[in-house]
Peer 1: 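Below is a structure I'd like to ask you about.
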Amino acid sequence: MGNVENLGARPDPVVRVDSAFFWEACERGEFVAQRCEGCERLWHPPRPMCPICHSTEKSAAALSGKGVVMSYVMPVHPPAYGFAEPPIAALIELEEGLRFVGTLVDVEPASIRVGMPVQVSFAATSGGKAVPVFRPTEDIT
Amino acid sequence: MSRRAVIAGIGQTEFSKDSGRSEQQLAAECVTSACIDAGLDPHAIDGMITFALDHSDEVDVMRSTGAQELKYTVRLPQGGAASVTSVVHAKNAVESGMCDAVVIWRAMNERSQYRFGQPHQSLSPDAHSSTFIEWCFPFGAQTPAAWEVLSCGTYLDTIGVTTQDLGRIAVILRRAAATNPLAQFYDRPITLEDHQASRWIVQPWLRLLDCCQESDGGVALLVTTEERARDLRQKPVRILGAEYAFCFNHEIISDFYEGDLTRLHNSEAVTKRLTAAAGIAPRETDVAMIYDNFTPQVLRQLEGFGYCGYGEAKDYVADGHLDLDGRTPLSPNGGLLGEAYIHGMNNFTEGVRQLRGTAANQIADAQTVFMASGVAGAILGI
């Protein structure tokens, strides 16, 4: 958990059979996506079978963790469950072409722009797990 | 004799914040009301359709209504889209000859018994749902309002929509609800200033007055054949066409993993098939019943269903085309924002009333109505 920061309370992930590899990688500080062993395509969200070649053989591919914000939302009322501070959830388009919902950290809501570049890191959850969070990579002040 | 499908009955309970009775009772009441409205004995129901999310049970609804023998039952996925997809199935069921009297219902105590709009914490790994909550909840996107903004934010930003543009939709719907005695917001119109002053639900897009309100209530339709309807009480409403499109890698409210987020791919696919089936395009109909759980939904559907061109929806609204005296009036019952949020079904009963000529805010000489729920569309006519 050396690469995982404590950023205050946040909820644990829901771990299912088909997504366990992702959350296990987070605990090692690795940001990954499902890769089909049949055709090498990447997929997110994970799924039991590749929709192109229908292989069920898959592995975890390391991603760059770089992406841009496509949209974002800050829940005000009711407050988000399990967070110490109001979170900012964002839809991120990753460099590899996948889309991923993550939490933005170290950013003022008013300074967020669609298209803003971000980089992944990891934050600890209340139950000792880890989830990806994203920070702006440019000076936006 | 014609087996063409018609809507012969509509039924509903009152809409409230606390129904004071079980969802099973609401289901039995609205289903029975739809039969009584039609003049059909509830014992003759032989098909039942509801939402996958509905908590009532076919056996229980039979036990209360006295339905004697079902030949067809189905429960439909995709949240509120079932308000329109259910009619696709009812139409097919009666036109194929499988059954003669299909009821469709949605009954919910989503305000008094649970909170549909609050963070969803039922996250069992075996949860009966798509995996979407798993990839939103831990990151703070935990409510329909939050998923809606992640889905529509790219469109709103790209087109340059303002919160005033969204507010105009809320004003239209609340103005209509204000003169509909059945509406939860009867006699409570709002101004754009009220909208701008209402508190944030989720920044940067949805204020309180952009959101439908959780409601208790039940709504039902009775679908039968044109032939059978001749012996019933009401002027039958024909289902000229009903179509839906669930496209690859798309989701319902959390629809942001596939394609160009400034367009509604599913709605565009439906529009082509529906126009061919009904012989009339959505924008050529007299009334636009467009699913309005949140105001941005209306904008993207106006474009997806062909009411206006790409990026033009905010101007289509501002130019008054959705007003009660406009070119294509929007939900004269006040919609889901103004009348109630029974998962889209109360917009369907309004569509039927408009064609019967019995609506509170009656559109003069309405001959056709478009029913939309994002991935599904139907055109009704008389």
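Per chain, numbering begins at 1; letters A, B, ... match sequence-line order. Only a predicted model underlies this, so the values are computations on that prediction, with no experimental measurement involved.
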Peer 1: Can you give me the closest heavy-atom contact between A:Val101 and B:Phe256, atom names plus distance?
Peer 2: CG2-CE1, 3.5 Å

Peer 1: Under 4.5 Å, counting heavy-atom pairs only, tell me which of A:Ala89, A:Pro45, A:Gly82, A:Ala123 racks up the most with chain B.
Peer 2: A:Pro45

Peer 1: When you compare the side chains of A:Thr125 and A:Asp12, does any donor N or O come within less than 3.5 Å of an acceptor on the partner?
Peer 2: yes

Peer 1: Could you check, using the six-membered ring where one of them is a Trp, whether B:Tyr307 and B:Phe305 have ring centers closer than 6.0 angstrom?
Peer 2: no

Peer 1: Report the relative orientation of the aromatic rings in A:Phe134 and A:Phe31; use parallel for angles under 30°, tilted for 30 to 60°, perpendicular for over 60°.
Peer 2: perpendicular

Peer 1: Charged N to carboxylate O under 4.0 angstrom, A:Arg135 versus A:Asp106?
Peer 2: yes

Peer 1: Between A:Phe83 and chain B, with a heavy-atom cut-off of 4.5 Å, which part of the residue counts as in contact: side chain, backbone, both or neither?
Peer 2: side chain

Peer 1: Can the ring centres of B:His250 and B:Phe248 be said to be less than 6.0 Å apart?
Peer 2: no

Peer 1: Measure distances from B:Tyr155 to the heavy atoms of chain A and classify the residue's part below 4.5 Å as side chain, backbone, both or neither.
Peer 2: neither

Peer 1: For chain B, which candidate among A:Pro78, A:Pro87, A:Pro79 shows the most heavy-atom pairs at distances under 4.5 Å?
Peer 2: A:Pro78

Peer 1: Do side-chain atoms of A:Asn6 reach the backbone of A:Ala124 as a donor and acceptor pair under 3.5 angstrom?
Peer 2: no

Peer 1: Given that the side chain runs from C-beta out, which part of A:Arg47 has a heavy atom under 4.5 Å from chain B: side chain, backbone, both or neither?
Peer 2: side chain

Peer 1: Heavy-atom cut-off 4.5 Å, strictly under: side chain, backbone, both or neither for A:Ala110 against chain B?
Peer 2: neither

Peer 1: Quick one: are the ring centres of B:Phe132 and B:Trp147 less than 6.0 Å apart?
Peer 2: yes

Peer 1: Do A:Glu96 side-chain atoms and A:Ser64 backbone N/O form a donor-acceptor pair below 3.5 Å?
Peer 2: yes

Peer 1: Checking A:Pro132 against chain B: side chain, backbone, both or neither under 4.5 Å from a heavy atom?
Peer 2: both

Peer 1: Which of residues 257-270 of chain B get closer than 4.5 angstrom to chain A, counting heavy atoms alone?
Peer 2: B:Tyr257, B:Glu258, B:Gly259, B:Leu261

